[in-house]
Amino acid sequence: MRDKLNCVVVGATGMVGQRFLTLLDSHPYFTVTGVAASSRSAGRPYREVVEGRWKMSTPIPEAVADMIIMDAANIEEVGSKCDFIFCAVDMPKDEIKALEEAYAKAEIPVISNNSANRWTSDVPMVIPEINASHLEVIESQRKRLGTKRGFIAVKPNCSIQSYVPALTPLRKYGIKQVLVTTYQAISGAGKNFETWPEMVDNVIPYIGGEEEKSEKEPLRIWGEVRGGTIVPAEDPQISTQCIRVPVSDGHTAAVFVSFENTPPRETILEEWKNFRGLPQMLDLPSAPEQFITYFEEDNRPQAKLDRDLYKGMGVSVGRLREDSIFDYKFVGLSHNTLRGAAGGAVLIAELLFRQGYLD
């Protein structure tokens, strides 16, 4: 295993692509050796293309500012620059699926922020602290693709990371039903208040496709690898509503849960406190020291105060209390473009690197 690998960010001009570049600047495992985007941007310096469109609070990393953008469709050129790619393109799903598979077949591993391959049965969709074991399905995927190195791994929807981590250590008590309402930041739509003034002083009670993802993706995360595919869990029942709110970053979830064997409140708090995954055990660079942090204050977690916990990679929980219909209710929070998007994908790449999948 080499000390550092070279990577290209494909879809580098969008908000998630920009976030990738800031996270990868001076990364201990990976070096960005190229940026790629649509043919409209190809052939021009990165700094020039994102001028007036840079949405990060930190400046464009100098290491990539003057890179000439490659055409994302030119797989041979992109592949000549890297050992693997991060993919965050904005295209129709069928085109994304075809593009990612073409990269994989060209022996270029793909770590994707996109949803196109989340339900491909031999593509692992991973929250590294929860279902790192799903990476073993890559062997079957490579057989299907006819590759030795190439494969696709994806991160799940950003909104589920505000509540799935908190529910995961409680599954041993037989979770029966889950009701969730997510309050999702505008950066989840690739927007800020300057580009989406309609969101100021407003709430929109609909996000296309989000509720289906929020109800089904947790079951795939909690599934198991069987016969070379990932078989989703059959329970619990999950019902969600997803609402866009005037918050820049941070998805909040109001969660209600019922159990077969209801644990005491103190037991739930201990489960959250002690929940560690492989990223913590391996001390991966992007892993939060504490995966789940519980706040005792009645008015926490708050997006503005807590979304950047552990550099935006920690999950916050608060207001755990008994409910009159369900057994318990609580509030969760995660940073949607860090833990929920680029940061989550970088953490997956770090785990793949340490486990030898990127060799």
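Bear in mind that the values here come from a model prediction, so they are computed numbers and not experimental data.
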**Item:** ILVMFWY cluster membership beyond Leu145 - transitive side-chain contacts under 4.5 angstrom
**Value:** none
**Item:** Qualifying residue for side-chain contact (heavy atoms from CB on, under 4.5 Å) with Leu351, from Leu282, Leu358, Val346
**Value:** Leu282
**Message:** Can a side-chain donor-acceptor contact be found between Ser214 and Ser159 if the only test is distance below 3.5 angstrom?
**Reply:** yes
**Asked** Taking it one step at a time, do Arg53 and Val49 satisfy side-chain contact (heavy atoms from CB on, under 4.5 Å)?
**Response** CA-CA 8 Å; Arg53 297 168 50 195; Val49 171; 3.7 Å; yes
**Message:** Heavy-atom count check: over 12 atoms from other residues, nucleotides or ligands less than 6.0 Å from Asp327 CG?
**Reply:** yes
**Asked** Will you find, in the side chains of Glu211 and Tyr206, an N or O donor that is under 3.5 Å from an N or O acceptor?
**Response** no
**Asked** Taking atom OG of Ser162 and atom CG of Leu333, what is their separation to the nearest 0.5 Å?
**Response** 7.5 Å
**Prompt:** What pair of heavy atoms forms the shortest contact from Gln302 to Asn299, and how long is it?
**Reply:** NE2-O, 2.9 Å
**Prompt:** Got a sec: does the CD of Glu234 have more than 12 other heavy atoms crowding it under 6.0 Å?
**Reply:** no
**Prompt:** Got a donor-acceptor contact below 3.5 angstrom from the His134 side chain to the Gly223 backbone?
**Reply:** yes
**Asked** What distance do Met91 atom CE and Ser38 atom OG have between them, rounded to the nearest 0.5 Å?
**Response** 9.5 Å
**Asked** Is it true that the side chains of Thr147 and Arg142 contain a donor and an acceptor less than 3.5 Å apart?
**Response** no
**Asked** Is a side-chain donor or acceptor of Trp272 paired with a backbone partner of Ala166 at a separation under 3.5 angstrom?
**Response** yes
**Backbone of Asp122 reached by a side-chain donor or acceptor of Gln141 within 3.5 Å** = yes
**Request:** Using atom types as modelled and distance alone, determine if a side-chain donor or acceptor of Arg244 lies under 3.5 Å from a backbone N or O of Pro205.
**Result:** no
**Request:** Give a yes or no on whether a salt bridge exists between Glu101 and Lys105, defined as a side-chain N under 4.0 angstrom from a carboxylate O.
**Result:** yes
**Fill in**
In Pro218, Pro279, Pro156, the residue satisfying side-chain contact (heavy atoms from CB on, under 4.5 Å) with Ile127 is Pro156
**Asked** Thinking salt bridges, do Arg118 and Glu217 make one under a 4.0 Å N-O criterion?
**Response** yes
**Asked** Within a reach of under 6.0 Å around CD of Glu139, are more than 12 heavy atoms found that belong to other residues, nucleotides or ligands?
**Response** no
**Message:** Tell me whether Glu289 at atom CD has more than 12 heavy atoms from other residues, nucleotides or ligands lying less than 6.0 Å away.
**Reply:** no
**Ring centroid separation Phe84 to Phe353 under 6.0 Å** = no
**Prompt:** Could you go step by step and tell me if Asp249 and Ser187 meet the side-chain hydrogen bond (donor to acceptor under 3.5 Å, both in side chains) rule?
**Reply:** CA-CA 6 Å; Asp249 293 300; Ser187 56; 2.7 Å; yes
**Prompt:** Between the side chains of Gln184 and Glu210, does any donor sit under 3.5 Å from an acceptor?
**Reply:** yes
**Complete:** Rounded to the nearest 0.5 Å, the OG atom of Ser80 sits from the CG atom of Asn74 at a distance of 8.0 Å
**Message:** I'd like to know if Lys329 and Glu322 make a salt bridge, using a cut-off of under 4.0 Å between side-chain N and carboxylate O.
**Reply:** no
**Request:** Give a yes or no on whether the backbone of Ala287 and the side-chain of Gln280 come within a donor-acceptor separation of less than 3.5 Å.
**Result:** no
**Asked** Rounded to the nearest 0.5 Å, what separation is found between the CG atom of Leu24 and the CZ atom of Phe86?
**Response** 5.0 Å
**Item:** Note: Asp298-Arg319 ion pair, threshold 4.0 Å (strictly below)
**Value:** no
**Prompt:** Between Trp119 (side chain) and Val123 (backbone), is there a donor-acceptor pair under 3.5 Å?
**Reply:** no
**Item:** Between Ser258 and Gln177, a side-chain donor and acceptor under 3.5 Å
**Value:** no
**Prompt:** Stepwise, does the side-chain contact (heavy atoms from CB on, under 4.5 Å) test hold for Ile243 with Val203?
**Reply:** CA-CA 7 Å; Ile243 299 173; Val203 168; 3.2 Å; yes
**Asked** Distance-only, no hydrogens or angles: does the Thr33 side chain make a donor-acceptor pair with backbone N or O of Lys81 under 3.5 Å?
**Response** yes
**Those residues that, when tested against Lys4, pass salt bridge (charged side-chain N to carboxylate O under 4.0 Å, His left out) (two or more places apart)** = none
**Message:** For Leu167 and Val257: C-alpha separation, side-chain torsions, deciding distance, then whether side-chain contact (heavy atoms from CB on, under 4.5 Å) applies.
**Reply:** CA-CA 9 Å; Leu167 291 172; Val257 57; 4.1 Å; yes
**Asked** Who pairs with Phe256 by ring-ring contact (aromatic ring centres under 6.0 Å, His included), at least two apart in sequence or on another chain?
**Response** Phe326
**Message:** If you count every heavy atom of other residues, nucleotides or ligands that lies below 6.0 Å from Arg40 atom CZ, does the total exceed 12?
**Reply:** no
**Request:** Determine the interplanar angle of the His27 and Phe30 rings, folded into 0 to 90°, and report it as parallel if under 30°, tilted if 30 to 60°, perpendicular if over 60°.
**Result:** parallel
**Item:** Any donor-acceptor N/O pair, His251 side chain to Ala185 backbone, under 3.5 Å
**Value:** yes
**Complete:** One should read off an interatomic distance between Ser115 OG and Ile96 CD1, to the nearest 0.5 angstrom, of 6.5 Å
**Message:** With a 4.0 Å cut-off on N to O distance, would you call Arg339 and Glu129 a salt bridge?
**Reply:** yes
**Request:** Dump the intermediate steps for side-chain contact (heavy atoms from CB on, under 4.5 Å) on Glu100 and Asn114, then the final yes or no.
**Result:** CA-CA 10 Å; Glu100 291 181 347; Asn114 304 110; 3.2 Å; yes
**Atom pair OH/CD of Tyr357 and Glu136 - distance to nearest 0.5 Å** = 7.0 Å
**Message:** We want to know whether Asn202 and Glu198 form a side-chain donor-acceptor pair, criterion being a heavy-atom distance below 3.5 angstrom.
**Reply:** no
**Request:** For the pair Thr168 (side chain) and Val164 (backbone), establish whether a donor and an acceptor sit closer than 3.5 Å, ignoring hydrogens and angles.
**Result:** yes
**Prompt:** Salt-bridged, Glu212 to Lys216, with N to O below 4.0 Å?
**Reply:** yes
**Fill in**
Correct closest heavy-atom pair for Ala72 and Val10 would be CB-CG1, 3.6 Å
**Message:** Is it true that Asn192 and Thr195 share a donor-acceptor pair across their side chains at a distance under 3.5 Å?
**Reply:** yes
**Request:** Please check if atom NZ in Lys176 has more than 12 non-hydrogen atoms from other residues, nucleotides or ligands closer than 6.0 Å.
**Result:** yes
